[in-house]
Amino acid sequence: MESSQDKELLGKLQRLNVLLGSWDGQSLAQAEGLLKDAQAMITTLGSISLRQLTGSEKKVVDQIVAQYGKLVHVLSAKKEQVVQKIAQLNKPNSTIRTYLQQEQGASLIDVDF
């Protein structure tokens, strides 16, 4: 028989799981808000030991870990895309700069596709 504390813990874990699962997979602003809310919820659960969890609670924790992993994976991929775009913008020898630096016409143009 589950105690009221067990039911309360399971409810908190399920709310955290629903929160992480509510991300649309695209919006960075939404992801930021979700992570802040999740951090606050996790802080309240910080004193819980995994050894004390029941089977149903462990299942929800596994789902939370999967949702969080998905979120981190997508955010890492988006971060890599942004880093690549910044690196491309910061290239010192862009086509336009090379062309403009030539006094008598472009003899060598660095083309970056």
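Computed over heavy atoms, backbone and side chain alike; hydrogens, waters and symmetry mates excluded. Fair warning: this is a prediction, and the values are worked out from it, not measured in the lab.
- Applying the side chain to side chain donor-acceptor pair (under 3.5 Å) test to residues at least two apart or on different chains, the pairs with a partner in residues 13-29 are Asn17-Gln63.
- Val72 and Val82 are assigned to two separate hydrophobic clusters, defined by single-linkage of ILVMFWY side chains at heavy-atom distances under 4.5 Å.
- With a 4.5 Å cut-off on side-chain heavy atoms, Glu80 and Gln84 count as touching.
- Summarising the geometry, atom OH belonging to Tyr68 is positioned 12.5 Å from atom CG belonging to Leu19; distances are rounded to the nearest 0.5 Å.
- Side-chain contact between Thr54 and Leu9 is absent, with no heavy-atom pair separated by less than 4.5 Å.
- From Lys12, atom NZ reaches atom OG1 of Thr44 across 5.0 Å, with rounding to the nearest 0.5 Å.
- Residues Leu16 and Met41 approach most closely at N-CE, 3.5 Å, considering heavy atoms.
- The same ILVMFWY cluster, assembled from side-chain heavy atoms under 4.5 Å apart, contains both Ile42 and Leu10.
- Between the CG atom in Leu34 and the NZ atom in Lys36 there is a gap of 11.5 Å [rounded to 0.5 Å].
- Annotation: side chain of Val74 is in contact with side chain of Lys78 (closest heavy-atom distance under 4.5 Å).
- Nearest heavy atom pair, residue Leu13 against residue Ile64, reads O-CD1, 3.3 Å.
- Counting side-chain heavy-atom gaps under 4.5 Å among Ile, Leu, Val, Met, Phe, Trp and Tyr, Val18 is found in no cluster with other residues.
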